[in-house]
There are 2 protein chains.
Amino acid sequence: MNPSDLEKTAGRYAYDGLDRIIHEKARLSIIASLAGYSEGLLFNELKELCSLTDGNLSRHLAILQEADLVQMWKGTRNKRPQTLARLTEHGRRRFLEYVTRLERVVADASQLTRQPESGATLRPRTA
Amino acid sequence: MNPSDLEKTAGRYAYDGLDRIIHEKARLSIIASLAGYSEGLLFNELKELCSLTDGNLSRHLAILQEADLVQMWKGTRNKRPQTLARLTEHGRRRFLEYVTRLERVVADASQLTRQPESGATLRPRTA
DNA sequence: CTTAATTACTTTATACTATAAAGTTAAAAA
DNA sequence: TTTTTAACTTTATAGTATAAAGTAATTAAG
């Protein structure tokens, strides 16, 4: 890479749009689950789908709720408390944005499957 | 979601393959950069491309090196120490695996862009 | 020629945060 | 009426990302 290339591409791989709150594996898991079920999912369903412990899921849901990505409905079912979680409209948009950024990561990676050296300039080496 | 669905899909969204070491944003940034430059990148080039501070980059490179995802070459250039980082073959394979998992996340998310309720069963509600 | 500044990093102290263990509340079973 | 189960929540801890401070070597300044 020569110096002028750098200027054109500073921050090129910084992936600014990869929002920390969504990027965290457990929460990505939760959000992706909810994305597939627009009417929402119960606490225990999420627990299974995401393979999370009770305490862990509870904390991540609280974080997602504070960020207004997920809304929670508390009710009862067969005299047992039940919590239903679903994506907010804001959460839906933010997730779609996040996925758009992910697609760039995937696109960047496609260079790896091409021939080595493709697109990369040779480095002048002075030992 | 009815109970039998759950059994079929327990852990469906756990995203086990999203290796912690690669998934971390700063390191994903570093690895994706290196993926584009098979001959490697200098410390300062990475710093710019990934918008990282010196200390931060140094630590993440050390972690990637310990995991045998990246190898480092220390030499001098114009009487200055220079560190060149490049993906190991192992790192290349692991990154490709990681990206395969990412593609699943992206595919899961495509449900969001379809009509609401698509593919999801209505939940019987007992308030 | 001695001191200050720059370069290229590395080490460490701190602040953050993911996680599970322990705690809470209420219903059902024993 | 005591114990167990269910559905969570709270908190203590362990892990870790980050930047501030430190190191070593070169070059510039006075």
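Note that the coordinates shown come from a computational prediction; the quantities given were computed from them, not determined experimentally. Per chain, numbering begins at 1; letters A, B, ... match sequence-line order.
In this structure, the CG atom of A:L64 is 13 Å from the P atom of C:dT17, given to the nearest Å. The CZ atom of B:R77 sits 16 Å away from the C1' atom of C:dC9 (whole-angstrom rounding). Whole-Å rounding puts the B:L42 CG to C:dC9 P distance at 8 Å. The separation between A:Q82 atom CD and D:dT9 atom P is 12 Å, rounded to whole Å. Across the protein-nucleic acid pair, A:E48 atom CD and D:dA6 atom P stand 13 Å apart, rounded to whole Å. Spacing between atom CD of B:E66 and atom C1' of D:dT16 amounts to 13 Å, rounded to whole angstrom units. Distance, A:N78 CG to D:dC8 C1': 16 Å, rounded to whole Å. As rounded to whole Å, 10 Å separates atom P of D:dC8 from atom CG of A:L46.
The side chain of B:N44 sits closest to C:dC9 out of C:dC9, C:dT10, D:dA17. Closest to the side chain of B:H60, out of D:dT18, C:dA8, D:dC8, is D:dT18. In this structure, of D:dT27, D:dC8, C:dA26, it is D:dT27 that holds the atom nearest to the side chain of B:R80.
Both B:R59 and A:K74 lie near DNA chain D, and the one whose nearest nucleotide falls closer to the 5' end is A:K74. A residue-by-residue look at A:D54 and A:K79 shows that A:D54 has its nearest nucleotide of DNA chain C further toward the 5' end.
OP1 and OP2 of C:dT19 both lie 4.0 Å or more from every side-chain N or O belonging to A:T53. The side chain of B:S58 contributes no N or O atom lying less than 4.0 Å from OP1 or OP2 of C:dC9.
Salt-bridge annotation for A:R12 and A:D108: present, with a side-chain N of the basic residue lying under 4.0 Å from a carboxylate O of the acidic one. Salt bridge status for A:E89 with A:R94: absent, with no side-chain N to carboxylate O gap under 4.0 Å. Note on A:E97 versus A:R92: no salt bridge recorded, every NZ/NE/NH1/NH2 to OD/OE distance being 4.0 Å or above.
For the pair A:I22 and A:L64, the minimum side-chain heavy-atom distance is 4.5 Å or more.
Under the side chain to side chain contact (heavy atoms under 4.5 Å, CB included) test applied with B:L41, the options B:I30, B:L49, B:L84 reduce to a single match, B:L49.
Within 4.0 Å of A:I63, counting heavy atoms only, lie sugar-phosphate atoms of the nucleic acid but no base atom.
Residues from residues 17-32 of chain B that place a heavy atom under 4.0 Å from any atom of DNA chain D, listed by number: B:E24, B:A26, B:R27.
One finds the CZ atom of A:R86 at 13.5 Å from the CE atom of A:M72 (value rounded to the nearest 0.5 Å). Here the CZ-CG distance, from B:R93 to B:L96, works out to 9.5 Å after rounding to the nearest 0.5 Å.
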